[in-house]
Structures are given as structure tokens and as C-alpha cells.
Amino acid sequence: MQHWLVKSEPVKYSWEKFNKDGRTFWDGVRNYQARNNLREMKEGDLVLFYHSNDGKEVVGIAKVVKEAYQDPTTTDPNWVVVDLAPVETLKKPVTLEVIKADEQLKDVGLVRQGRLSVMGLKREEFDRILELGS
DNA sequence: GCCAACGTTGGC
DNA sequence: GCCAACGTTGGC
């Protein structure tokens with residue numbers, strides 16, 4: 001199983017809204033690298049949900065409930081979405097500040113490549129973030 | 001609101 | 001195929 005991190009601006013789509021919806025398709029990815037990551041997601045993979053801009057923190061865990069398929073918001077076959085469902089809210093959001101300051105999370109994509117909106121995480125990184133959030 | 005990082009586009 | 005110009009994202 002793989003681990004991922006996705007970003008969303010709370011203004012656009014927040015963790016709260018996601019929980020209310022119970023399930024969503026992850027659209028709006030218009031970057032090839034992020035798209036490739038979406039395509040590699042497998043049903044059951046765990047995904048950290050990060051609030052960018054406002055909050056700048058990991059707020060919860062989601063999981064992949066449907067693997068990549070054509071983005072319903074466009075007819076351009078380049079773009080895909082996956083379906084995600086919320087699993088659990090972190091007791092304590094893990095801020096970017098904390099992640100940056102953490103020795104074990106130095107190389108996490110979030111820090112290294114700030115603009116990427118869908119990225120893979122190593123198991124250790126995923127576990128570490130959960131640890132910081134509990 | 002500014003700026004750095006980075007991806008994409010288009011001219012040559 | 002290179003590179004400058006431009007647009008977008010996201011942190012500060």
C-alpha cells in the first residue's frame with residue numbers, strides 16, 4: 001500500500017466540507033506530475049489531507065475509494081480524478097512549521113517541492129506525521 | 001501583496 | 001531543442 005498527501009485550499013474545498021460530503025472526487029489537478037501520482041493511487045491507499053494557504057497544516061486522513069478515471073469536469077483525456085473518503089481527523093493538525101522543523105521529515109515533498117498538489121509519501125513520513133498529530 | 005519556485009508555451 | 005517569457009501556486 002502506498003501513502004499520499006493532497007493539498008486543498010480550505011476556501012475552495014475544506015476538510016470540514018469533505019467530511020460533510022462523506023466522499024468526493026478529487027478534481028482540478030492540472031499538473032502532469034500530480035496527475036501521474038493520481039494514476040498510481042490504488043483503492044485503499046491512505047492519503048493525508050493538507051490545507052494550503054489558510055492553515056498550512058495536515059488536518060486529516062482520507063483513503064482512496066475509487067482509482068483514477070476520466071475527470072468528469074473536462075473532456076480532455078489528459079486529466080483524471082480519484083474518489084476519496086474521509087477516514088479520521090487528526091487530534092492535532094500538523095502544521096508546515098512543525099513538519100519543516102522535524103528531522104525525519106526534512107525530505108518530504110511538501111517541503112522540497114512546495115507547489116506540487118499531489119505527492120507520494122514514504123511510509124515512515126506518513127507514520128511520523130500521524131505521530132505528530134496525535 | 002510580494003516573491004520564489006517551477007511548469008508551460010512559443011519563438012527562433 | 002533551447003531558452004526567455006509568462007502564468008500559477010503557495011509561503012511569508
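Every chain is numbered from 1, with letters handed out A, B, ... down the list of sequences. Side-chain atoms are counted along with the backbone in the values below, which use heavy atoms only and exclude waters and symmetry mates.
Remark: A/W4 engages A/D45 in a side-chain hydrogen bond (donor to acceptor under 3.5 Å, both in side chains) (not counting sequence neighbours). Take A/E103 and apply the side-chain hydrogen bond (donor to acceptor under 3.5 Å, both in side chains) test, not counting sequence neighbours, and it matches A/K106. Take A/E131 and apply the side-chain hydrogen bond (donor to acceptor under 3.5 Å, both in side chains) test, not counting sequence neighbours, and it matches A/R128. For A/Q33, the side-chain hydrogen bond (donor to acceptor under 3.5 Å, both in side chains) criterion is met by A/Q113, not counting sequence neighbours.
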* List the protein contact pattern of nucleotides 3-8 of chain B with one symbol per nucleotide (5' to 3'): B for base contact, S for sugar-phosphate-only contact, - for none; contact means a heavy-atom distance under 4.0 Å. => --BBSS

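In this structure, OH of A/Y50 is placed 12 Å from C1' of C/dT9, rounded to the nearest angstrom. A straight line from CE of A/M119 to P of C/dT9 spans 14 Å, rounded to a whole angstrom. For the pair A/L116 CG and C/dT9 C1', the interatomic distance rounds to 11 Å; values are reported in whole Å. Rounded to whole Å, the distance from NE2 on A/H51 to P on C/dG11 is 12 Å. At whole-Å resolution of the value, CG in A/D54 and P in C/dC12 are 14 Å apart.
Sorted pairs that involve residues 3-13 of chain A and meet salt bridge (Lys or Arg N to Asp or Glu O under 4.0 Å), not counting sequence neighbours, are lacking altogether. Judged as a salt bridge (Lys or Arg N to Asp or Glu O under 4.0 Å), the pairs with a partner in residues 47-73 of chain A (not counting sequence neighbours) are, in order, A/R30-A/D71.
Cluster partners of A/L130, by chain and number: A/M1, A/L5, A/L46, A/L48, A/Y50, A/V58, A/I61, A/V87, A/L90, A/V94, A/L96, A/V98, A/I99, A/L105, A/V108, A/L110, A/V111, A/L116, A/M119, A/L121, A/F126, A/I129, A/L132. The rule joins Ile, Leu, Val, Met, Phe, Trp and Tyr whenever side-chain heavy atoms lie under 4.5 Å apart. Other members of the hydrophobic cluster containing A/W79, listed by chain and number, are A/Y32; membership follows side-chain contacts under 4.5 Å among ILVMFWY residues, whether direct or relayed.
Rounded to 10°, the angle separating the first-five-pair axis and the last-five-pair axis of the helix from B/dG1-C/dC12 to B/dC12-C/dG1 equals 10°.
Put simply, the side chain of A/T74 gets close to the backbone of A/D76: a donor and an acceptor are under 3.5 Å apart. A donor-acceptor pair is defined here as one N or O able to donate and one able to accept, closer than 3.5 Å; such a pair exists between the side chain of A/E125 and the backbone of A/K122.
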Would you be so kind as to tabulate the donor-acceptor pairs closer than 3.5 Å made by side chains of residues 21-29 of chain A, with sequence neighbours excluded?
unit_1: A/D21; atom_1: OD1; unit_2: A/K17; atom_2: NZ; d: 3.4
unit_1: A/D21; atom_1: OD2; unit_2: A/Y13; atom_2: OH; d: 2.7
unit_1: A/D21; atom_1: OD2; unit_2: A/K17; atom_2: NZ; d: 3.0
unit_1: A/R23; atom_1: NE; unit_2: A/D83; atom_2: OD2; d: 3.4
unit_1: A/R23; atom_1: NH2; unit_2: A/D83; atom_2: OD2; d: 2.8
unit_1: A/T24; atom_1: OG1; unit_2: A/Y13; atom_2: OH; d: 3.4

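For the segment residues 93-107 of chain A, residues with any heavy atom less than 4.0 angstrom from an atom of DNA chain C are, sorted by number, A/L96, A/K100.
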